Amino acid sequence: VTGYQYIITEKKGKVGLITLNRPKALNALSDGLIGEVNQALKLYQEDKEVGSIVITGSEKAFAAGADIKEMEKNSFSDAYMKDMLSQWHDMTKVRKPIIAAVNGYALGGGCELAMMCDMIVAGDKAIFGQPEIKLGTIPGCGGTQRLIRAIGKSKAMELILTGNNLNAVDAERFGLVSRVVPAEDLLSETLKLAEKIASHSQITVSLCKEAVNSAYELSLQEGIKFERRLFHSTFATLDQKEGMNAFVEKRNPTWNNK
Ligand code: CO8
């Protein structure tokens with residue numbers, strides 16, 4: 001699709017790539033930008049050729065946060081009546097896996113956007129942080145909830161209360177990102193990972209994603225029960241038959257995505 005103002009979309013094999021593209025504002029996340037990201041995600045979700053999605057920014061910034069200039073003049077009633085930031089959560093409903101490929105700054109809403117993805121790959125110069133406290137506000141798009149689940153209470157509390165940044169090495173050490181690669185290899189390495197995911201059965205991949213994400217919401221007992229029900233349901237798919245039959249016949253599977 002062309003006609004986007006703030007993003008660039010491009011299919012790379014079976015991977016749907018979204019590049020945030022507001023270089024003059026370090027990819028600050030305006031309402032217009034997030035509307036376009038949601039639209040692109042919807043189209044990739046519907047596109048049968050796409051098995052996984054990568055969101056990236058520039059070398060300098062994945063995204064330097066919500067657009068401060070856009071929100072500065074908001075009143076409480078403005079923010080409340082338009083339920084500011086609610087549209088950001090739409091991306092968590094996408095069933096295909098989304099990987100954030102982060103170079104440079106992922107601050108405030110940028111860090112929250114990365115954490116809404118299913119995993120984060122970081123370039124070695126990536127910088128994460130929730131600096132909202134320095135602006136007289138607080139993380140508003142899941143930062144206080146997702147960071148604690150990713151790195152634990154004490155470290156999350158320190159970052160959110162000080163506004164200090166986290167470098168890529170520490171982000172990996174603490175478990176916020178799944179791996180760190182040289183900045184110049186970030187996109188190619190992330191696309192390789194995304195292509196590998198997209199080489200599996202799409203329905204099985206989405207079932208896996210749904211099961212893993214349910215761990216955020218459910219108790220252990222309920223989560224294990226839900227997982228088992230999803231596991232049972234795989235026996236209703238053609239791809240379970242194909243995958244197991246291919247193993248038995250010592251050949252590669254050909255997925256139906258059904
Ligand atoms: N909003 C609007 N414009 C921005 C933002 C932003 N978040 N970040 C940078 N810019 C603009 C600058 O104003 C500047 O524009 P101009 O050239 O017109 O002055 C341009 O981008 C380049 O920025 P700098 O000159 O500041 O570049 P530096 O390399 O000197 O510094 C920094 C880079 C450290 C990233 C610096 O720009 C910075 O501190 N930015 C703000 C970071 C921040 O506080 N982010 C948190 C924002 S609040 C937030 O995200 C609330 C979360 C709510 C949820 C959001 C939903 C997703």
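Computed from a predicted structure; not experimentally measured. Read the numbers this way: they start at 1 and go in the same order the structure lists the ligands and their atoms.
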Enquirer: Do Arg251 and Glu242 sit within salt-bridge range, that is, some charged N less than 4.0 Å from a carboxylate O?
Expert: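 Here Arg251 pairs with Glu242 in a salt bridge, since their nearest N and O are under 4.0 Å apart.
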Enquirer: If we count only non-hydrogen protein atoms and require a distance under 4.0 Å, does atom 26 (O) of ligand 1 qualify as touching the protein?
Expert: no
Enquirer: Under 4.0 Å from atom 47 (C) of ligand 1, is there any protein heavy atom?
Expert: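 Protein heavy atoms within 4.0 Å of atom 47 (C) of ligand 1 - there is at least one.
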Enquirer: Assess whether side-chain contact (heavy atoms from CB on, under 4.5 Å) is satisfied between Thr19 and Glu10, documenting all intermediate values.
Expert: CA-CA 8 Å; Thr19 306; Glu10 197 182 348; 5.5 Å; no
Enquirer: Using heavy-atom distances only, which candidate in Pro23, Gly110, Ala64 approaches atom 42 (C) of ligand 1 most closely?
Expert: Ala64
Enquirer: Can you tell me which residue and heavy atom of the protein come closest to atom 23 (O) of ligand 1, and the distance to 0.1 Å?
Expert: Leu26 CD1, 3.6 Å
Enquirer: Return the option from Gly143, Ala25, Ala63, Pro139 holding the heavy atom at the smallest distance from atom 10 (N) of ligand 1.
Expert: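 Ranked by closest heavy atom to atom 10 (N) of ligand 1, first place is Ala25.
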Enquirer: Under 4.0 Å between a side-chain nitrogen and a carboxylate oxygen: does that hold for Glu195 and Lys192?
Expert: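 Salt bridge between Glu195 and Lys192, a charged N being under 4.0 Å from a carboxylate O: no.
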Enquirer: Side chains of Asp78 and Ser75 only: does a donor on one sit below 3.5 Å from an acceptor on the other?
Expert: yes
Enquirer: Identify which of Gln130, Glu132, Lys60 has a heavy atom lying nearest to atom 52 (C) of ligand 1.
Expert: Glu132
Enquirer: Relative to ligand 1, is Glu112 under 4.0 angstrom through side chain, backbone, both or neither, heavy atoms considered?
Expert: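 Side chain only.
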Enquirer: Between Leu135 and ligand 1, which part of the residue brings a heavy atom under 4.0 Å of the ligand: side chain, backbone, both or neither?
Expert: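 The answer is the side chain of Leu135.
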Enquirer: Please work out whether the ring planes of Phe235 and Phe231 are parallel, tilted or perpendicular, with thresholds of 30° and 60°.
Expert: perpendicular
Enquirer: Can you check whether Thr137 has an N/O within less than 3.5 Å of an N/O in ligand 1?
Expert: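 In fact, backbone or side chain, Thr137 has no N or O that close.
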Enquirer: Compute the shortest N/O to N/O distance between Ile68 and ligand 1 and return yes if it is under 3.5 Å, no if not.
Expert: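 Yes; at least one N/O pair falls below 3.5 Å.
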Enquirer: Kindly state if atom 30 (O) of ligand 1 has a protein heavy atom within a strict 4.0 Å cut-off, that is, under 4.0 Å?
Expert: no
Enquirer: Is Leu113 close enough to touch ligand 1? Criterion: a residue heavy atom under 4.0 Å from a ligand atom.
Expert: no
Enquirer: For Glu210, does the CD atom have more than 12 heavy-atom neighbours from other residues, nucleotides or ligands under 6.0 Å away?
Expert: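 Above 12, so yes.
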Enquirer: Please examine the side chains of Ile18 and Thr9, heavy atoms only from C-beta on, and report whether any two atoms are closer than 4.5 Å.
Expert: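 Yes; the side chains approach each other to less than 4.5 Å.
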Enquirer: Short check: is a protein heavy atom less than 4.0 Å from atom 17 (O) of ligand 1?
Expert: no
Enquirer: Counting heavy atoms only, name the option from Lys69, Met116, Gln87 that's nearest to atom 12 (C) of ligand 1.
Expert: Lys69
Enquirer: How does Met84 reach ligand 1, by side chain, by backbone, by both or by neither, if only non-hydrogen atoms under 4.0 Å count?
Expert: neither
Enquirer: Is any side-chain heavy atom of Val15 less than 4.5 Å from a side-chain heavy atom of Ser52?
Expert: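 SC-SC contact between Val15 and Ser52 confirmed.
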Enquirer: Mark yes or no for whether Glu70, through its side chain, and Ser30, through its backbone, hold a donor-acceptor pair below 3.5 Å.
Expert: no
Enquirer: For ligand 1, is there an atom lying under 4.0 Å from some heavy atom of Lys24?
Expert: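 Contact present.
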Enquirer: Check each of Ala66, Gly104, Gly136 against atom 7 (N) of ligand 1 and report the one with the nearest heavy atom.
Expert: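 Nearest option to atom 7 (N) of ligand 1, by heavy atoms: Ala66.
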Enquirer: Should the pair Lys155-Asp170 be classified as a salt bridge under the 4.0 Å nitrogen-to-oxygen rule?
Expert: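 Looking at Asp170 together with Lys155, the answer is no, because their closest N to O distance does not fall below 4.0 Å.
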Enquirer: Spell out, as yes or no, whether a donor-acceptor pair under 3.5 Å connects the side chain of Gln130 to the backbone of Leu159.
Expert: no
Enquirer: Please state which part of Ala28 comes within less than 4.0 Å of ligand 1, counting heavy atoms only: side chain, backbone, both or neither.
Expert: side chain
Enquirer: Hey, is atom 36 (C) of ligand 1 touched by any protein heavy atom at less than 4.0 Å?
Expert: no
